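Have a look at the structure below before the remarks.
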Number of protein chains: 2
Amino acid sequence: MDDTLRDKPGYLLRRAASAATAELAGKLDHLGLRQVDASVLILIDSNPLSTASAIGRTLDIQRANMVPLLKRLEDAGWVERSPIDGKSQGLNLTPAGSAKLAEAMAVIESFEASLLARIPAEHRDHLLPALHALWNGG
Amino acid sequence: MDDTLRDKPGYLLRRAASAATAELAGKLDHLGLRQVDASVLILIDSNPLSTASAIGRTLDIQRANMVPLLKRLEDAGWVERSPIDGKSQGLNLTPAGSAKLAEAMAVIESFEASLLARIPAEHRDHLLPALHALWNGG
DNA sequence: CCGGATTGTTATAGGATATAACTATCAAAC
DNA sequence: GTTTGATAGTTATATCCTATAACAATCCGG
């Protein structure tokens with residue numbers, strides 16, 4: 001089948017992202033994590049005491065959708081909340097959460113490395129700058 | 001907020017793709033098209049008389065999900081079916097479908113060009129090969 | 001102190017995708 | 001030529017993800 005879409009950057013971008021997404025999701029699944037869970041754990045870890053709203057803003061997740069997500073992470077014993085003031089609550093990793101994050105990071109780092117390894121050397125270093133331009137240039 | 005994810009290729013890939021996807025979806029919306037509709041129209045155009053199954057296989061769309069999709073395109077008067085044999089039916093664009101595709105192509109081409117234009121010149125030519133390696137290297 | 005913005009939350013709707021099952025048909029081996 | 005396995009199209013359904021609207025409580029700047 002003649003796939004004329006194959007060389008359109010937008011289409012290729014979507015397909016490459018969805019292939020990578022599916023692959024990583026499979027690896028994280030073994031840890032009982034979704035990608036979005038891992039992203040949230042990472043952000044909480046590097047930004048202790050930040051709020052659900054702030055995390056959501058960074059990851060483009062609606063406030064409303066953070067609720068079930070955080071509930072899951074809290075129920076799993078990975079995240080805990082501490083009141084900042086009357087309306088905000090700071091998020092933090094529990095020890096179990098830090099341990100789970102460490103596992104996740106190992107998986108993610110090796111995945112990211114394997115992604116880069118697939119790219120021919122002469123193109124490799126150009127990917128990040130190009131993607132960055134695409135993400136922010138819109 | 002410290003976003004340590006910002007420089008992970010996998011994450012960047014996903015964010016860049018989703019930004020691009022959202023942008024193109026907005027532009028195609030004015031034509032009454034979703035991206036997947038446009039993709040299907042493009043493939044039918046360059047592969048006349050191909051079957052729903054074959055189109056779906058190329059685009060990674062389940063047979064079952066092709067049904068409502070094609071029904072929409074057919075109801076809109078853009079696609080028609082002609083029996084190939086007792087169980088297969090070939091897809092073709094109607095004149096209205098070709099016209100709609102022409103409109104869509106104008107939007108898409110300009111979008112793709114604008115995507116590339118956002119990438120600094122020294123990185124631009126490396127994106128397609130890199131994405132191609134990512135898509136197929138898995 | 002007041003008014004507008006923000007936080008967390010509930011409920012709900014929509015879209016996209018995956019799975020299972022079924023019929024009818026084709027194709028190839030025997 | 002008949003049986004058997006694969007394929008096409010379809011229906012129905014489940015699930016997940018995301019978007020929207022509304023609400024109460026609270027914060028903050030003027």
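Just so we're on the same page: letters track the sequence lines, and every chain starts at 1. Keep in mind that this is a model prediction, so the values were computed, not measured.
Taking atom CZ of residue B:R34 and atom C1' of nucleotide C:dA16, one finds them 9 Å apart after rounding to whole Å. Spacing between atom CZ of B:R63 and atom P of D:dT13 amounts to 19 Å, rounded to whole angstrom units. Regarding B:I84, its CD1 atom lies at a distance of 13 Å from the C1' atom of D:dT7, rounded to whole Å. Between the CE atom of B:M66 and the C1' atom of C:dT17 there is a distance of 14 Å, rounded to whole Å. Going from atom CD1 of A:I55 over to atom P of C:dT7 covers 12 Å, rounded to whole Å. A straight line from CD1 of B:I61 to C1' of C:dA18 spans 13 Å, rounded to a whole angstrom. For the pair B:D37 CG and C:dG15 P, the computed distance is 12 Å after rounding to whole Å. Atom CD in A:Q89 sits about 10 Å away from atom C1' in C:dT9, given to the nearest Å.
Ranked by how close their nearest DNA chain C nucleotide is to the 5' end, A:S88 and A:V67 are led by A:S88. With DNA chain D read from its 5' end, the first of the two nearest nucleotides for A:K87 and A:R72 is the one closest to A:R72.
The shortest distance between side-chain heavy atoms of A:L24 and A:L115 does not fall below 4.5 Å. You'll find the side chain of A:L41 stays beyond 4.5 Å of the side chain of A:M105, heavy atoms only. Using a 4.5 Å heavy-atom threshold, the side chains of A:S50 and A:L43 count as separate.
Side-chain to base pairing of B:N65 with C:dA16: no donor and acceptor N or O lie closer than 3.5 Å to each other.
Donor-acceptor pairing under 3.5 Å is lacking for the side chains of B:R14 and B:S18. A donor atom on one side chain and an acceptor atom on the other are not found under 3.5 Å apart for A:S53 and A:R57.
Listed pair B:R81 / D:dG9 fails the phosphate criterion, with no side-chain N or O lying under 4.0 Å from OP1 or OP2. Contact between the side-chain N/O atoms of A:Q62 and the OP1/OP2 oxygens of D:dT18 is not found at any separation under 4.0 Å.
Here D:dG9 is the nucleotide among C:dG8, D:dG9, C:dA11 with the atom lying nearest to any side-chain atom of B:A52.
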